[in-house]
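What follows is a short report on a single structure.
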Amino acid sequence: YTDNQGSGKRTQKEYVYKENKNKKNEKKYLLVDGYNVIFAWNELNELAQVNLDGARLKLMDIMSNYQGYKQCELILVFEGNIGEVSKYNNINVVYTKEAETADTYIEKVTNEIGKKYQVTVATSDRLEQMIVLSRGAVRMSSNELLQDVMAVHEAGLRQYKSSQKIEKNYMDELINK
């Protein structure tokens, strides 16, 4: 909040994220806490109640499409007790090793790359948000991620529809050619 030019009235100041000038032209990373997102999004949460693997795969597909539009390095992190990193289409999927949480993995990676690259972390875990903010990352709640995914999807549909020509072809014109 700021004082409105000495008037004594306080007005809410809009906070805008400003990129670090050293990070401006570098790669952008998005780290996503997979299970946090699954259980925050209604559709995936309902699916997870019936089939957790199905919810995980659906999130992987959604994030793959999202990455294609955002053009960032996307790392989707799940607790997994197997310590595996794999490529799924155009995203990296991490299953943490035994006794390592997704939060711990995200904090470690943010610490390693946060000084050099722009890092955004998608989670609704408040403590995790505070930790990654203190390490120079930008936080995004699971619901904010959902809203952005939906906006990207809508923008993609509009772009696709506007690129389609509507031409009428009449049978007699085709035959007479």
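Along the sequence shown, residues are numbered consecutively beginning with 1.
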Distance-only donor-acceptor hits, side chain of residues 93-101, under 3.5 Å, sequence neighbours excluded:
residue : atom : partner : partner atom : Å
Thr96   : OG1  : Gly80   : N            : 3.2
Thr96   : OG1  : Glu100  : O            : 2.7
Glu100  : OE1  : Lys97   : N            : 3.4
Glu100  : OE2  : Lys108  : NZ           : 3.4
Thr101  : OG1  : Asp103  : N            : 3.4
Thr101  : OG1  : Thr104  : N            : 3.0
Thr101  : OG1  : Thr104  : OG1          : 2.8

Group every Ile, Leu, Val, Met, Phe, Trp and Tyr by side-chain heavy-atom contacts under 4.5 Å, then state whether Leu146 and Leu30 land in the same group. yes
With side chains defined as the heavy atoms from C-beta onward, is the minimum distance between Val149 and Trp41 less than 4.5 Å? yes
With sequence neighbours excluded, tell me which residues meet side chain to side chain donor-acceptor pair (under 3.5 Å) with Glu128. none
Can you confirm whether Met140 sits close enough to Gln129 that some side-chain heavy atom of one is under 4.5 Å from a side-chain heavy atom of the other? no
Among pairs that include at least one residue of residues 40-62, which meet salt bridge (charged side-chain N to carboxylate O under 4.0 Å, His left out), considering only residues two or more places apart or in two chains? Glu43-Lys58, Asp53-Arg56
Side chains of Tyr29 and Thr110: closer than 4.5 Å at any heavy-atom pair? no
same_hphob_cluster(Val32, Ile113) at 4.5 Å side-chain heavy-atom cutoff: no
Test log, rule side-chain contact (heavy atoms from CB on, under 4.5 Å), inputs Arg139 and Glu144: CA-CA 10 Å; Arg139 67 129 199 106; Glu144 289 170 329; 2.9 Å; yes
I need the minimum non-hydrogen distance between Asp33 and Ala102, along with the two atoms involved. OD1-CB, 3.9 Å
Is the shortest heavy-atom distance from the side chain of Gln67 to the side chain of Tyr69 under 4.5 Å? no
Checking one residue: Leu127. Which other hydrophobic residues are in its cluster under the side-chain 4.5 Å linking rule? Ile131
Would you say Leu52 and Leu76 are hydrophobically clustered, going by side-chain heavy atoms of ILVMFWY under 4.5 Å? yes
Taking atom types as modelled and ignoring hydrogens, do the side chains of Gln49 and Asn45 form a donor-acceptor contact shorter than 3.5 angstrom? yes
Residue pairs meeting salt bridge (charged side-chain N to carboxylate O under 4.0 Å, His left out), one or both in residues 62-85, sequence neighbours left out, come to Lys70-Asp148
Spacing of CG belonging to Leu145 relative to CD belonging to Gln147, to within rounding of 0.5 Å: 10.0 Å
Heavy atoms of Phe39 and Ala48 approach each other most closely as CE2-CB, 3.8 Å
Quick check: is Leu44 connected to Met63 through a chain of hydrophobic side chains (ILVMFWY, heavy atoms under 4.5 Å apart)? yes
Sorted by chain and residue number, the side-chain contact (heavy atoms from CB on, under 4.5 Å) partners of Ser124 (sequence neighbours excluded) come out as Asn36, Ser141, Ser142
Leu59-Val121 co-clustered via ILVMFWY side chain contacts under 4.5 Å: no
Ile91 and Ser64: which non-hydrogen atoms are nearest, and at how many Å? CG2-CA, 3.9 Å
Measure the CD1-CE distance between Ile62 and Met150 for me, rounded to the nearest 0.5 Å. 11.0 Å
Could you tell me the separation between the CD atom of Glu107 and the CD atom of Glu112, rounded to the nearest 0.5 Å? 12.0 Å
